Amino acid sequence: MSEQTQSQEHAAEPATYDVVAAQDRWRKVWDDLNPFEAADDGSRERRYALTMFPYPSGDLHMGHAEVMALHDVIARYWWQRGYDVLNPIGWDSFGLPAENAAIRRDEHPATYTYANIETQAESFRRYGMSFDWSRRLHTSDPEYYRWTQWLFLRFRERGLAYRRSSPVNWCPNDQTVLANEQVVGGMCDRCGAEVTKRELTQWYFKVTDYAQRLLDDMEGLKATWPERVLAMQRNWIGRSEGAHVDFEIEPAGEEPGRTVTVFTTRPDTLYGATFFVVAADAKLAGEICAPEQREAFEAYLAQVRKETDIDRLSSEREKTGVFLGRYAVNPVNGERIPVWAADYVLADYGTGAVMAVPAHDQRDLDFAKAFDLPVRRVVDTGEENPEETFVATAGDGVYVNSDDLDGLTDKASGIAQIVGRLEGEGRGKGAVNFRLRDWLLSRQRFWGCPIPIIHCPTCGEVPVPDDQLPVVLPDLRGADLKPKGTSPLAAAEEWVDVDCPSCGGPAKRDSDTMDTFVDSSWYFLRYCSPDYTEGPFDPEAVRRWMPAHQYVGGVEHAILHLLYSRFFTKVLHDMGMVDFEEPFQALLNQGQVINQGKAMSKSLGNGVNLGDMIDQYGVDAVRLTMVFAGPPEDDIDWADMSPSGSLKFLQRAWRLSGDVTSEPGTPYDGGDVTLRKATHRTLREVEHLVDSHRFNVVVARVMELVNVTRKAIDSGCGPTDPAVREAVEAVAILLSLVAPYTAEEMWSRLGHEPTVAKAGWPTVDEALLVQDSVTAVVQVQGKLRAKLEVGPDISEADLEAMALAEPVIQRALEGKTVRKVIVRAPKLVNIVAG
RNA sequence: GCCCUCGUAUCCCAAUGGCAGAGGAAGAGGUCUUAAAAACCUUUCAGUGUCGGUUCGAGUCCGACCGGGGGCACCA
C-alpha cells in the first residue's frame with residue numbers, strides 16, 4: 001500500500017490481509033500447539049475420520065485438494081463439537097508406478113517413493129490438514145508389511161490363501177499378472193496395454209467364500225453408503241440363482257462315460273436343450289474330446305488361445321466352435337445331444353459347461369444358427385416362435401414340449417417343479433452361482449510385500465515362521481529391475497536361497513510380491529495402534545475406534561479397495577480379532593475435478609497444479625472453492641470455479657473481525673436480537689448440513705451470516721453491539737472448518753488466543769430459534785391467495801378463522817362451498833372449495 | 001441388454017410433500033475515485049427435461065419416456 005493512500009485512510013486498517021504471511025504465521029503456531037493428536041484417553045466420545053490414504057506419485061493435484069478439503073470439514077467439525085477425533089494419514093507406498101519411475105530414473109524405488117512422501121506430507125501440512133501426524137504409516141515400511149505377511153499366513157492357515165495354476169490376466173507391458181478388477185475393458189488398468197492370458201501358478205485369496213456375506217451385509221450400509229457404490233459391488237459379486245444339472249456323457253469307443261454338471265438359471269427349459277457346450281479352454285474339453293475330433297479341436301483351441309479379451313468383448317462377433325465327437329444325455333428325457341466346444345462359454349464361470357437351450361437364450365440360438373443345430377421351443381411366451389425368427393424369448397409363458405411341465409404358465413413354478421424332480425432323482429439341485437472370482441494376489445514385481453512362503457523340494461510350501469517375519473525385501477540397489485516376466489526377486493540368489501524351516505534342506509523363497517490392495521485392506525486398523533508390536537493391531541485400540549465413523553474417498557475404489565477391505569474385516573471377525581463385520585460405517589465419495597470435459601490428468605495435459613493455485617489465491621481460497629463448488633459427490637468442472645471469488649469472500653469475512661469494537665468476553669445477552677437470531681439459526685442449520693454432507697450449503701449459510709453482520713455493522717445496531725461480536729466469532733468458528741488460516745486471523749483479531757480450531761462449537765440458544773412471527777400462506781385449491789403474519793404458536797382453529805376472514809379469501813370463495821380446510825399451523829392453510 | 005444416478009435462471013447450485021431462490025459467478029446501473037482497481041449499494045433472469053399418476057397440495061413420491069454420467073455384460 002502506498003504512503004499516499006495510507007495517509008488517506010481514516011482507520012489505519014488495511015482492507016485485506018496478507019494471505020501468504022498468515023499462512024506462514026499460523027503454520028508455525030499450529031506446529032507448536034499440535035492440536036490434532038487424538039487423546040484416546042476416554043475423556044470424550046471418540047470419532048474416527050478416515051480418508052483414503054494417498055499413493056505417493058509426485059505432488060498433490062486438484063483431486064487431492066478436493067477430497068482433503070471435504071474430509072477436513074468433517075474432522076474439524078467433530079473437533080469443534082468436542083469429540084476426540086482420530087484423523088490419521090499414511091501412504092500406500094508400495095506399487096508399480098514407483099517401480100517404473102525408478103527404472104526410468106535408474107534409482108531404487110524406495111528413494112523415489114520416500115522423497116515423494118515427504119513432498120506430499122509437506123503439501124498436506126501447508127494445506128492445513130488437521131491430521132494426527134503421530135500415527136503416520138507407510139505400507140512399504142518393514143514394521144508395517146511384517147503384519148501384512150503375518151495376516152497372509154493366518155489367511156493361509158484358514159484355507160483362504162491358496163496357490164493354483166490357471167489362465168490369468170497378463171499385462172505384456174508391465175510384465176505382471178493382474179486381478180480381474182484391474183482389467184478394464186480388456187485393457188490394463190494402469191498402463192492401458194491389451195491384456196492377454198497366461199497359464200501360471202499364482203496365489204489367490206478365497207474371497208468367493210465370502211460372496212454371500214459381502215452381499216448380505218450391504219443391507220446395513222444402505223443408509224450411509226452411496227447407492228451407486230452398493231450397486232457396483234452388487235453387480236461385481238453378480239449373484240445368480242439357478243440349478244446344477246448332471247448330464248451323462250456317453251462312453252465312445254475306448255473313452256469311458258462320465259458325469260458333467262452344468263449351472264443354469266433356467267432349469268425349467270431343460271426340455272429345450274438341444275446341444276451341450278464346453279468352454280474350449282477348460283480342461284474338460286480336452287479330456288472328453290473324441291480321438292477323431294482331436295485334430296480339429298486342437299486347432300480350434302490354438303485359435304482361441306490367441307484371442308485377447310478385446311476380441312472376445314466385441315459383441316458383433318460370429319459364434320465359433322467345434323464338435324467334440326461325443327454325446328450327452330439329457331437327464332429329464334434321455335435324449336442324446338451333441339457336445340461342442342466353443343469360446344462363448346467361459347472356463348472360469350459356473351462349471352465351464354452349459355446346456356444349450358437355443359429357443360430361450362440368444363447366445364445359444366446364435367450358435368445353433370451358425371452350426372445348423374436344432375431349436376426347440378419349450379415356453380410359448382406369445383411372441384413369435386424363435387425356431388423361425390432366430391430371436392430367443394426369455395419371458396414367462398406356457399410350457400410346451402415339456403412333458404409334466406406342460407400347461408404351467410410361470411417360470412417360478414416351472415423351476416420349482418423341475419428342480420424338485422431333479423433333486424428327487426439325484427440328478428441335480430438348486431444352486432447359486434457368483435460372478436465374483438477369487439482374488440489373484442501375486443505379482444511378479446519387486447516393489448511390493450514379499451510373500452512369506454518357502455518352497456522346499458521335500459516339504460513343499462512352508463510358511464516362514466512368525467518369529468522370522470518380516471521377510472524384508474533385499475536391497476537390489478543398482479540391480480536390473482526391468483520386468484522380465486518373472487519376479488526380479490528370483491534373481492537375488494542370496495535372498496532366494498534359504499534353508500527350509502521345516503527340514504533344514506536347501507529351499508527357495510517365493511519370489512512374488514503381493515498386490516498392493518492387500519496392503520491397503522487393513523491400514524485403517526493399523527492406524528488405531530501404529531506402533532503395536534504384538535500383532536497387526538491392538539485389539540483394544542481397534543475396539544475403541546473402529547468401525548470408522550466416516551470414510552471419504554474417490555468412487556474409483558468403489559469395487560476394488562472397498563470390497564477387499566470388507567473381505568479382510570470379515571475374515572478378521574471370523575478369526576476373533578475384531579468384533580464388527582463392516583469396517584466403514586459411512587462412506588462419502590467425492591466427485592472428480594473435470595477440466596475441458598475430462599478428469600484432470602498429467603497425460604491429458606489438462607491438469608491444474610495445486611501449488612500454483614495456492615500461490616495465486618492462498619490455501620483457504622482453494623479449499624473454499626472446492627467445498628463451495630457443489631454437492632461433494634458431484635463432479636466439479638474447473639471452468640465453473642472461481643477461486644478469486646472465494647478469496648474476495650474470505651477478505652470480506654475477515655474485515656468483519658476488524659470492525660468489532662467490543663471487548664472479548666463481553667456477554668452477548670443484551671445484544672441486538674435480530675442479529676443474534678440470525679447467528680443461532682445459522683449455527684443450528686450448519687449442524688444439520690454438516691451431518692448430511694451438504695458442505696456447499698454450509699458455505700452459503702456462512703456467506704449469508706457475513707452479509708447480515710455487515711449490514712448490522714454499517715446500518716444496523718453498529719459495531720459496538722455485543723451481537724456483532726457474537727456473530728463474527730461464530731463466523732470465525734464456522735470458517736475454521738473450511739478456511740483455517742482466515743479463521744485463525746479473525747480469531748486473533750477478535751482478541752482470542754489460538755487456536756480457533758479448538759474454540760468449541762457455540763451453544764445454540766433454543767430461545768433464539770423461536771421466531772416472533774411467521775408468514776402463513778393461504779391457498780385456495782392449492783393456489784396462493786393471501787399471506788398472513790401470525791404468531792409462531794397460533795392454534796389451528798385460530799389460523800383457520802383468520803384465513804377464512806381474510807377479504808381476498810372471501811372473494812375467492814364467493815359462490816363456492818368450502819369442502820375441506822387443511823391447516824398446518826403456523827405456516828399454511830389450504831381451502832378446498834367447489 | 002440389465003442395474004445405479006442426475007436433469008431448477010446465462011452458468012454453478014438452494015429449497016423436512018406446503019410462498020420455486022438461500023448463496024455464488026456472469027451481466028446491467030450506481031456511490032466513492034482525477035481515473036482505474038478494490039469496497040459498498042441497487043438490479044435483470046426460470047415455473048423445475050417430457051408425459052401421466054398419487055395427493056387438499058408435487059421440483060420433491062410413483063410409473064413411462066427423453067437426455068447426461070457411471071457400473072455390469074457371450075456370466076449360462
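All figures in this text were calculated on a predicted structure; none of them were measured in a lab. Each chain gets a letter, A, B and so on, in the order its sequence line appears, and its residues count up from 1.
Look at CG on A:Leu587: it is 19 Å from P on B:rC4, rounded to the nearest Å. One interatomic measurement links the two molecules: CG of A:Asn589 to C1' of B:rG71, which rounds to 13 Å at whole-angstrom precision. Between the CG atom of A:Asn235 and the C1' atom of B:rU5 there is a distance of 13 Å, rounded to whole Å. Atom-to-atom, CD of A:Gln781 to C1' of B:rG18 comes out at 16 Å; the value is rounded to the nearest Å. Distance A:Leu560 CG to B:rC72 C1': 14 Å, rounded to the nearest Å. Counting to the nearest Å, the P atom of B:rG68 and the CD1 atom of A:Ile594 are 16 Å from each other. The nearest whole Å value for the distance from the CD1 atom in A:Ile237 to the P atom in B:rA73 is 13 Å. Rounding to whole angstrom units, CG of residue A:Leu563 and P of B:rC72 are separated by 12 Å.
In this structure, A:Lys820 reaches the sugar-phosphate backbone alone: every heavy-atom distance under 4.0 Å involves primed, P, OP1 or OP2 atoms, never a base. At the heavy-atom level, A:Gln779 lies under 4.0 Å from base atoms of the strands shown. Nucleic acid contact class of A:Arg435 (heavy atoms, under 4.0 Å, all strands): base. Counting any heavy atom pair closer than 4.0 Å across all strands shown, A:Arg234 reaches no nucleic acid atom. At a threshold of 4.0 angstrom between heavy atoms, the contacts of A:Ala700 include nucleobase atoms, whether or not backbone atoms are also involved. Counting non-hydrogen atoms under 4.0 angstrom, A:Lys648 reaches the backbone sugars and phosphates but no base. As judged by a 4.0 angstrom heavy-atom cut-off over every strand, A:Arg701 is placed among the base-contacting residues. Among the atoms of the strands shown, only primed sugar atoms or phosphate atoms (P, OP1, OP2) are found under 4.0 Å from some heavy atom of A:Asn696. Using a 4.0 Å heavy-atom criterion, one finds that A:Val832 contacts the sugar-phosphate atoms exclusively.
Smallest separation of non-hydrogen atoms from A:Val375 and A:Ala368: CG2-CB, 4.2 Å.
For residues 816-834 of chain A, no pair satisfies side-chain hydrogen bond (donor to acceptor under 3.5 Å, both in side chains), with sequence neighbours left out.
When Watson-Crick and G-U wobble pairs are counted only if both distances are under 3.5 Å, B:rA38 pairs with no nucleotide at all. In this entry B:rC2 has B:rG71 as its Watson-Crick or G-U wobble partner, both defining distances falling under 3.5 Å. B:rG27 and B:rU43 make up a base pair, with Watson-Crick or G-U wobble contacts both under 3.5 Å. Using the Watson-Crick or G-U wobble rule with both distances under 3.5 Å, B:rU33 pairs with nothing in any strand shown. Pairing of B:rC61, defined by two Watson-Crick or G-U wobble distances under 3.5 Å, is identified with B:rG53.
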A:Glu227/A:Arg234 under salt bridge (Lys or Arg N to Asp or Glu O under 4.0 Å): CA gap, chis, key distance, verdict: CA-CA 10 Å; A:Glu227 178 52 39; A:Arg234 230 176 276 127; 3.5 Å; yes
Stepwise side-chain contact (heavy atoms from CB on, under 4.5 Å) test for A:Ile415 and A:Glu241: CA-CA 11 Å; A:Ile415 291 172; A:Glu241 272 180 47; over 6 Å; no
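Comparing the P positions of B:rC41 and B:rA26 gives a spacing of 16 Å, expressed to the nearest Å. As rounded to the nearest Å, B:rA73 and B:rC4 have C1' atoms that lie 15 Å from one another. Taking atom P on both B:rC62 and B:rG71, the two are 25 Å apart, rounded to the nearest angstrom. Look at the C1' atom in both B:rA9 and B:rA28: the space between them is 16 Å, to the nearest Å. Across B:rA64 and B:rG70, the matching C1' atoms stand 22 Å from one another, rounded to whole Å. Comparing the same atom, C1', in B:rC45 and in B:rG67 gives a spacing of 24 Å after rounding to whole Å. Remark: the separation of the C1' atoms in B:rG47 and B:rU60 is 14 Å, to the nearest Å. Nucleotides B:rC12 and B:rG7 are separated by 12 Å at their P atoms, to the nearest Å.
Among B:rA15, B:rG23, B:rC19, the nucleotide with an atom closest to any side-chain atom of A:Val777 is B:rC19. Which of B:rC74, B:rC4, B:rA39 sits closest to the side chain of A:Tyr344 comes down to B:rC74. You'll find that the side chain of A:Lys319 is closest to B:rC74, out of B:rC74, B:rA76, B:rC41. When distances are taken from the side chain of A:Ile822 to each of B:rC4, B:rA76, B:rC56, the shortest belongs to B:rC56. In the set B:rC3, B:rC72, B:rG23, the nucleotide with an atom closest to the side chain of A:Ala231 is B:rC3. Of the candidate nucleotides B:rC74, B:rC4, B:rG24, B:rG24 has the atom nearest to the side chain of A:Phe628. Here the side chain of A:Asn830 is nearest to one of B:rC3, B:rG24, B:rC56, namely B:rC56. In the set B:rA76, B:rC40, B:rC19, B:rC19 carries the atom at the smallest distance from any side-chain atom of A:Thr775. Side chain of A:Arg824, nearest nucleotide from B:rG18, B:rU5, B:rA76: B:rG18. For A:Asn707, the listed nucleotide lying nearest its side chain is B:rG23; candidates were B:rC40, B:rG23, B:rC3.
For A:Lys827 against B:rC19, no side-chain N or O and base N or O form a donor-acceptor pair under 3.5 Å.
Checking side-chain atoms of A:Asp620 against main-chain N and O of A:Thr742 turns up a donor-acceptor pair under 3.5 Å.
Inter-residue side-chain proximity for A:Thr674 and A:Lys677 is flagged as unmet; no heavy-atom pair is nearer than 4.5 Å. With contacts defined as side-chain heavy-atom distances shorter than 4.5 Å, the pair A:Val706/A:Arg652 qualifies. Considering only heavy atoms from C-beta on, A:Val778 stays 4.5 Å or farther from A:Leu804 through its side chain.
Contacts of residues 629-646 of chain A with RNA chain B (heavy atom under 4.0 Å): A:Ala629, A:Pro631, A:Asp640.
Classified by interplanar angle (parallel below 30°, tilted 30° to 60°, perpendicular above 60°), the ring pair A:His561/A:His557 is perpendicular. Using bins of under 30°, 30° to 60° and over 60° for the plane-to-plane angle, the ring pair A:Trp340/A:Phe367 lands in the perpendicular bin.
A cation-pi contact links A:Lys319 to A:Tyr344, judged by a cut-off of 6.0 Å to the six-membered ring centre and 45° from its axis.
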Would you list the atom pairs, donor with acceptor, under 3.5 Å between side chains in residues 626-643 of chain A and any protein atom, with sequence neighbours excluded?
unit_1   : atom_1 : unit_2   : atom_2 : d
A:Asp635 : OD1    : A:Gln592 : N      : 2.7
A:Asp637 : OD1    : A:Ala639 : N      : 3.0
A:Ser642 : OG     : A:Gly645 : N      : 3.1

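Nearest-nucleotide mapping onto RNA chain B: of A:Thr264 and A:Ile831, the residue sitting toward the 5' end is A:Ile831. Each of A:Val555 and A:Glu227 was matched to the nucleotide of RNA chain B holding its nearest heavy atom; the match closer to the 5' end belongs to A:Glu227.
With a glycosidic angle further than 90° from 0, B:rG63 counts as anti.
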